[in-house]
Structures are given as C-alpha cells and as structure tokens.
Amino acid sequence: MASDNDKVEAADPGQLGVPVRKMGFAPGQVVIEYGYDEDVAEDLRDAIEAVTEGPLEDEDYDGVVDVVLLWWREGDGDLADELMDALTTMEDGGFIALLTPGARRDDRVAAHDVQEACTTCSLTASGAVALGDWVGQRLVGRK
C-alpha cells in the first residue's frame, strides 16, 4: 500500500473522471501499472491517480493490489499469459483494467482476442468504456 509520503494531492480528474469511475476506480485503491510505453495517455493516468488519490505503482511493486492497470496493444505477446500473471498480484475482489488502443490505431486489439483470453483465464469483461484514444474494459473473476 502507498505510504502517506506517496499520496497524490487531491486533483480534479477532469473529463476523464466519469469514465474512470465507471470502470470501477475509487479512492484508496492501490493500482499497479503494466505495459507503460510512450503511447500511453498521460491525462488518463493523471485522472486515475486523482480518482484513487494515490500514485500508480510500477512493475517493481511487490505488494497486493486492488487494481491491475494493463496497457495492451496488438503484438505485445500472449494476452492470456499476461492476465494470468496479473491475477496473482490482486486482492480478492480486485479487477484488471484492460486498456487497448481505439479503432483508429493500427495496433488495436481485436475484441475476439480479448474474449478468448478472458475465457482462458476465467474472467468476465464489462462493456467497453471510451477513454480518449484508448478503450477500457473491467475484467473480473467469474463467480
């Protein structure tokens, strides 16, 4: 869990606050981020930090988390393997926030690829949420 020194000043999440909350982000959650690269949406990262009132943890974080934020593009590898790895770091009741490129990008991930990976990992995907140039889906374990 983030220490008080790691707290992010309460900030306005801006226009992305509503869709970020719709995905399930909430104050106090510990969020680890995988797949960060130069193409990520910094305004979206800022909105998530504002809503959760804490920093995004990087891949070196070794604690249990509430949310795994996964930026995933076509060509990044085996999505099912990555999802299985992500599940090992999550607290019971946590979720994976899968972010894939929007329709206008060449590295867009096909919906059937996401569905196939979810089936393999016994996850259920919620409806897609538009987040600027990215599309977010909340993935949770089946009950």
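These numbers were taken from a predicted model, which means no experiment stands behind them. Both backbone and side-chain heavy atoms feed into the values below; hydrogens, waters and symmetry mates do not. Residue numbers run from 1 in the order of the sequence given.
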Can you see which heavy atom on [X] is nearest to which on [Y], and at what distance?
| X | Y | value |
| --- | --- | --- |
| Trp71 | Glu33 | NE1-OE2, 2.8 Å |
| Val30 | Asp66 | N-OD2, 2.7 Å |
| Gly102 | Val135 | CA-CG2, 4.0 Å |
| Cys118 | Leu83 | N-CD1, 4.4 Å |
| Val140 | Gly94 | CG1-O, 4.5 Å |
| Arg138 | Gly24 | NH1-CA, 3.1 Å |

Checklist entry - Is the side chain of Glu49 donor-acceptor paired with the backbone N or O of Asp46 at a distance under 3.5 Å, no angle test? => result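 Not at all, since once roles are kept as given, no pair shorter than 3.5 Å links the two residues.
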Checklist entry - Does any N or O in the side chain of Asp81 come within less than 3.5 Å of the main-chain N or O of Asp78, such that one atom is a donor and the other an acceptor? => result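 No, because the side chain of Asp81 does not come within donor-acceptor range (under 3.5 Å) of the backbone of Asp78.
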Next on the checklist: Could you tell me if the side chain of Leu16 sits less than 4.5 Å from the side chain of Asp43, heavy atoms only?
Outcome noted: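 In short, these two side chains touch, coming nearer than 4.5 Å.
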Item to check | Heavy-atom check, side chain of Leu56 versus side chain of Tyr61, under 4.5 Å | outcome: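 Not in contact.
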Next on the checklist: Are there over 12 heavy-atom neighbours, none belonging to Asp37, within less than 6.0 Å of that residue's CG?
Outcome noted: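 Enclosed: over 12 neighbouring heavy atoms sit under 6.0 Å from CG of Asp37.
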Next on the checklist: I'd like to know whether CG of Asp106 has more than 12 heavy-atom contacts from other residues, nucleotides or ligands below 6.0 angstrom.
Outcome noted: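 At most 12 heavy atoms, drawn from other residues, nucleotides or ligands, come within 6.0 Å of this atom.
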Next on the checklist: Run Ile32 and Val67 through side-chain contact (heavy atoms from CB on, under 4.5 Å) and show every step you take.
Outcome noted: CA-CA 6 Å; Ile32 191 167; Val67 183; over 6 Å; no
Using 0.5 Å steps for rounding, measure from the [atom1] atom of [X] to the [atom2] atom of [Y].
| X | Y | atom1 | atom2 | value |
| --- | --- | --- | --- | --- |
| Phe95 | Leu139 | CZ | CG | 9.5 Å |
| Leu131 | Gln137 | CG | CD | 10.5 Å |
| Leu99 | Leu69 | CG | CG | 5.0 Å |
| Ser122 | Met84 | OG | CE | 7.5 Å |
| Thr89 | Glu57 | OG1 | CD | 11.5 Å |
| Ile96 | Tyr34 | CD1 | OH | 10.0 Å |

Checklist entry - In this structure, which one of Asp113, Val109, Leu79 forms a side-chain contact (heavy atoms from CB on, under 4.5 Å) with Thr100? => result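 It is Val109; the other options fail the test.
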Next on the checklist: Between Glu74 and Arg105, does any side-chain N to carboxylate O distance fall below 4.0 Å?
Outcome noted: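 Looking at Arg105 together with Glu74, the answer is no, because their closest N to O distance does not fall below 4.0 Å.
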Checklist entry - Are Met90 and Leu123 connected in a single hydrophobic cluster, I mean Ile/Leu/Val/Met/Phe/Trp/Tyr linked by side-chain heavy atoms less than 4.5 Å apart? => result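 Same hydrophobic cluster.
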Item to check | Residues Arg45, Val40; criterion side-chain contact (heavy atoms from CB on, under 4.5 Å); working and verdict | outcome: CA-CA 8 Å; Arg45 294 177 80 245; Val40 301; 3.7 Å; yes
Item to check | side-chain contact (heavy atoms from CB on, under 4.5 Å) assessment of Val20 paired with Leu44 | outcome: CA-CA 8 Å; Val20 163; Leu44 178 54; 3.6 Å; yes
